[in-house]
Asker: 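Just dropping this structure here.
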There are 2 protein chains.
Amino acid sequence: MSVKHGLLGLLAQKPQNGYELKNSFDKIAGGFWDVNYGQIYSTIDRLVKDGLVISSVEGKESAERRVYQITEKGIKEFKDWLDKPSAKIRPLRDEVFVKLAFMYPFDRDAILQLLAEQRQLYLAKMAELTRQKYLLSRNGISRDNLMTDLLLDAALFHAEADIKWIEHCEVKLREFEGEPPVSDG
Amino acid sequence: MSVKHGLLGLLAQKPQNGYELKNSFDKIAGGFWDVNYGQIYSTIDRLVKDGLVISSVEGKESAERRVYQITEKGIKEFKDWLDKPSAKIRPLRDEVFVKLAFMYPFDRDAILQLLAEQRQLYLAKMAELTRQKYLLSRNGISRDNLMTDLLLDAALFHAEADIKWIEHCEVKLREFEGEPPVSDG
DNA sequence: AAAGTTGTATATACTAGTATATATATCTTA
DNA sequence: TAAGATATATATACTAGTATATACAACTTT
């Protein structure tokens, strides 16, 4: 639902073609929500079909562009979406969990290795996010970049939670093997 | 990729029909990964197409069941998947983030209200997870239910991270309005 | 035993997201 | 200015996930 309504929000600002919509979406949601061109076009086609958006063709014959414009119905849909709370909590769909669920209770060492590899990934992710935050706030946090900074924080909080959970798993798994928990460091 | 490989893992244990696969998947991954019957059938069709699974028809004519069986190729695919680290970190795709990105910097009060509503959702989620953990561990945590317990912890850690982030947002947003940060409690 | 409920099983039409190909336009530098 | 690189723009074929309809089987209540 988010890409659909995101596109409506962008078109509420000004009419744009598919390529521009992709760039605009990235500018607002990039980092926490990647869209693909294919998705932009198929989503916008549905919006047109439902009468939330209308399209017109511009440019010379050799290079036509379809420019999309929001309708009254589209504006209403967007505003309603903003007002309505997002009732569904996103599912915690992580491939690692499925792997762990299938590996356990066999292969304790393989599980510990998998967890160690995942930790490295999350640490790398945190480093990257921290770098992005630094670049963003070199000249201080202003109203203009506050939300971007907060969204980077959300990603950081979740990466931290993942790492904390991996360490929690390592301790529990070792406890169940009768080994003493790993010491700090 | 996870549903596909999860189904292979289940069929590596024993041949099953679509309905049984759905139940088996729920038993292992339920809570952190919900699958839908439609997805089971379309995924298994692809597995058959790729030669990782073969199907045979059982039951009387009025009530036919298609029973699926894993092939050598399928077993290899499953084992390779288990061994290979899951390089991609799941994107933090949350509808709330998109809403916030579009609401900001307008409607500070609407943003604060949205955040408050989300907090309630996460608190309810935590209560539910805590209840599930309690039910699971009434008779103690054993090797049999350790992984289930750990996966519930993962969900709890993430809900905690969401709540922590919401509070972080509230403080930052209020700071930028020149108001003092909210006091504890 | 007819009626209603729950469980078993599959199908279908849809939305959402990914991967990649293609073609023209513009910029850039040898 | 021709060659090569980058930006603009769309299309297509695919995988992944959701919502809902359908149909028969088995249980269960009157």
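The chains referred to below are lettered A, B, ... by the order of the sequence lines, with proteins before strands, and numbering in each begins at 1.
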Asker: Return a single string for nucleotides 7-17 of chain C, one symbol per nucleotide in 5' to 3' order, where B is base contact, S is sugar-phosphate-only contact and - is none, cutoff 4.0 angstrom on heavy atoms.
Answerer: SBBBBB--SBB

Asker: Quick one: salt bridge (charged side-chain N to carboxylate O under 4.0 Å, His left out) partners of B:Lys164, sequence neighbours excluded?
Answerer: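 Partners of B:Lys164 under the salt bridge (charged side-chain N to carboxylate O under 4.0 Å, His left out) test: A:Glu160.
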
Asker: Going by side-chain hydrogen bond (donor to acceptor under 3.5 Å, both in side chains), name the residues that satisfy it together with B:Gln39, two or more places apart in sequence or in a different chain.
Answerer: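 B:Gln39 satisfies side-chain hydrogen bond (donor to acceptor under 3.5 Å, both in side chains) with no other residue.
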
Asker: Could you pull out all residues at least two apart from B:Tyr68 that satisfy ring pair (Phe, Tyr, Trp, His ring centres under 6.0 Å)?
Answerer: none

Asker: Excluding sequence neighbours, so at least two apart, what forms side-chain hydrogen bond (donor to acceptor under 3.5 Å, both in side chains) with B:Asp45?
Answerer: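 Result, side-chain hydrogen bond (donor to acceptor under 3.5 Å, both in side chains) vs B:Asp45: none returned.
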
Asker: Who passes side-chain hydrogen bond (donor to acceptor under 3.5 Å, both in side chains) against B:Lys22, sequence neighbours left out?
Answerer: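 Partners of B:Lys22 under the side-chain hydrogen bond (donor to acceptor under 3.5 Å, both in side chains) test: B:Asp26.
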
